Enquirer: 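Structure provided below as structure tokens; questions to follow.
Just so you know, residue 1 is the first one in the sequence shown, and it goes up from there. Numbering of ligands and ligand atoms starts at 1, following listing order. All values reported here derive from a predicted model rather than from experimental measurement.
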Amino acid sequence: MSRTTATSTTQPNNAEQDGQIQEYCKNLLSILPKERWYGSAYLYKYKGFWLGPNQLPGLITLQSHFQAQDTDILLITTPKSGTTWLKALMFALANRKEYPINQNHPLLQQNPHALVPFMELSVSPEKLNPADHSYRCRQLFSSHSPLRLLPESVLSSGCKIVYLCRNIKDVCVSYWHFNKKLGTETSFEEFFDMFCKGVSLSGPVWDHALDYWKESLEKPEKILFLKYEGLKEKPGFHLKLLAEFIGCLISPDEERSGLVDEILGLCSFDNLRNLDVNKYGRGRTTGNEAYFRKGEVGDWKNYLTEEMAERLDQITAQKFHGYGLNL
Ligand code: PAP
């Protein structure tokens, strides 16, 4: 099957193969270790990572169907690390010729998740909204996939990966708030405990980041490893770095005309949060407003006790010891 599987439809002649994959995944989910996540949802432990009931079949389907191209760009994050922001920035940056930054920009009418959907959640045709296609950049994909579960062609092709992660304590706090929007009744203490044990979508969050970190050190031309805090601190610098990494440099003319500030302004937390589509629109699982809470660095201080912060810091220090990574 061609790579269009992830962006458009599944070819009919592959229906049988898809049926087999579905059956395989159904059996797999019935035997994998599982943990309660939110509401009636479970996470399933597969090859060391906790995955959702739609995410796992999606990733397995992609492994057999997705053929990455050298020109593809894959945005990978641990959940609640700034995915929405990265999608907005990259959509605006990579598509600036097709969609100049003006009053008609797609980001003013669509949530970034609709413009750059998660590839593992877009593989079945019925989940795709054909209306979105006119906006979709054919090159940009996104995923929460652990490195080891990516389709083989992503690693063997020239496809580039931008990886974004975030301070673990802020991720934990952001995640609990997000799950509350999804309807979880789990207390913060219970959630914190699960998170520390590594149980969160695509978790353990440390293992997710570490695998990409190590790979980025070996292949810096393949993986650009970024931190949310760095993006917040020096957004202009990072936007230019992103442009350079994906091979669409911001020209001196563009720079003089203010492109960097225009993109940053368009994608800023305040601008996106106040758009009607993000205030009142709905995504796959929740209202779009759930993706725009505070957008701050260090909000964990308002939620974690000293002991909790210490516990997370200890796990982080242990997991990253000797690798030169700090979150
Ligand atoms: P996802 O992985 O489920 O898609 P993601 O976008 O990573 O979610 O997480 C949302 C976080 O990014 C929120 O953080 P908070 O809970 O600490 O507030 C959200 O506020 C923040 N965020 C969303 N958009 C932006 C933006 N444009 N700039 C900075 N932060 C943002």
Enquirer: Any ion pair linking Asp211 and Arg148 (charged N to carboxylate O, less than 4.0 Å)?
Expert: yes
Enquirer: Relative to the heavy atoms of His144, which atoms of ligand 1 are at a distance of less than 4.0 Å?
Expert: 2 (O)
Enquirer: Looking only at N/O atoms, are Pro79 and ligand 1 under 3.5 Å apart anywhere?
Expert: no
Enquirer: Could you find the nearest protein heavy atom to atom 6 (O) of ligand 1 and give me its residue, atom name and distance?
Expert: Thr84 OG1, 2.5 Å
Enquirer: Which of these passes ring pair (Phe, Tyr, Trp, His ring centres under 6.0 Å) with Trp85: Phe91, Tyr291, Tyr228?
Expert: Tyr228
Enquirer: Between Glu244 and Lys240, does any side-chain N to carboxylate O distance fall below 4.0 Å?
Expert: no
Enquirer: Quick one: do Arg96 and Glu254 make a salt bridge, cutoff under 4.0 Å?
Expert: yes
Enquirer: Counting non-hydrogen protein atoms only, what is the nearest one to atom 23 (C) of ligand 1? Give residue, atom name and distance.
Expert: Tyr291 O, 3.1 Å
Enquirer: Please indicate whether any nitrogen or oxygen in Arg293 is less than 3.5 Å from any nitrogen or oxygen in ligand 1.
Expert: yes
Enquirer: Between Tyr303 and His177, how do the two ring planes meet: parallel, tilted or perpendicular, split at 30° and 60°?
Expert: perpendicular
Enquirer: Under a plain distance cut-off of 3.5 Å, with no hydrogens placed, do Thr316 and Trp206 share a side-chain donor-acceptor pair?
Expert: yes
Enquirer: Which protein heavy atom lies closest to atom 13 (C) of ligand 1, and at what distance to 0.1 Å?
Expert: Ser174 OG, 3.7 Å
Enquirer: Under 3.5 Å between some N or O of ligand 1 and some N or O of Gly82?
Expert: yes
Enquirer: Counting only nitrogen or oxygen atoms and a 3.5 angstrom limit, does Tyr228 reach ligand 1?
Expert: yes
Enquirer: May I ask you to identify the nearest protein heavy atom to atom 14 (O) of ligand 1, giving residue, atom name and distance to one decimal place in Å?
Expert: Arg166 NH1, 3.2 Å
Enquirer: What are the atoms of ligand 1, with element, lying closer than 4.0 Å to any heavy atom of Ser81?
Expert: 7 (O)
Enquirer: Compute the minimum heavy-atom distance from Lys80 to ligand 1 and say whether it is under 4.0 Å.
Expert: yes
Enquirer: Taking atom types as modelled, is there a side-chain donor on Glu120 or Thr61 under 3.5 Å from an acceptor on the other?
Expert: no
Enquirer: Please determine if His113 has a nitrogen or oxygen closer than 3.5 Å to a nitrogen or oxygen of ligand 1.
Expert: yes
Enquirer: What protein heavy atom is closest to atom 2 (O) of ligand 1, reported as residue, atom name and distance in Å?
Expert: Thr83 OG1, 2.5 Å
Enquirer: Taking the basic N atoms (NZ, or NE/NH1/NH2) and the acidic carboxylate oxygens, is any pair closer than 4.0 Å for Asp299 and Lys169?
Expert: no
Enquirer: If the threshold is 4.0 Å, N to carboxylate O, is there a salt bridge linking Lys301 and Asp170?
Expert: no
Enquirer: Would you mind running through ligand 1 and noting each atom that sits below 4.0 Å from a heavy atom of Phe292?
Expert: 20 (O), 23 (C), 24 (N)
Enquirer: Can you confirm if the NZ or CZ of Lys180 lies within 45° of the ring axis of Phe188 and under 6.0 Å from the centre of its six-membered ring?
Expert: no
Enquirer: To the nearest 0.1 Å, how far is atom 27 (N) of ligand 1 from its closest protein heavy atom, and which atom is that?
Expert: Cys267 O, 2.9 Å
Enquirer: Between the side chains of Lys181 and Glu289, is the shortest nitrogen-to-carboxylate-oxygen separation below 4.0 Å, so that they form an ion pair?
Expert: yes
Enquirer: For the residue pair Lys34 and Tyr42, would you count it as a cation-pi contact if the rule is NZ or CZ under 6.0 angstrom from the ring centre and within 45 degrees of the ring axis?
Expert: yes
Enquirer: Can an N or O of Lys232 be found at a distance shorter than 3.5 Å from an N or O of ligand 1?
Expert: no
Enquirer: Provide the number and element of each atom of ligand 1 under 4.0 Å from a heavy atom of Gly295.
Expert: 15 (P), 18 (O), 20 (O), 30 (N)
Enquirer: Should the proximity of Ala88 to ligand 1, defined as any heavy atom under 4.0 Å, be assigned to the side chain, the backbone, both, or neither?
Expert: neither
Enquirer: For Lys294, take its heavy atoms, then give the atoms of ligand 1 lying under 4.0 Å from any of them.
Expert: 18 (O), 20 (O)
Enquirer: Among protein heavy atoms, which sits nearest to atom 26 (C) of ligand 1, and what does the distance come to when rounded to 0.1 Å?
Expert: Trp85 CG, 3.4 Å
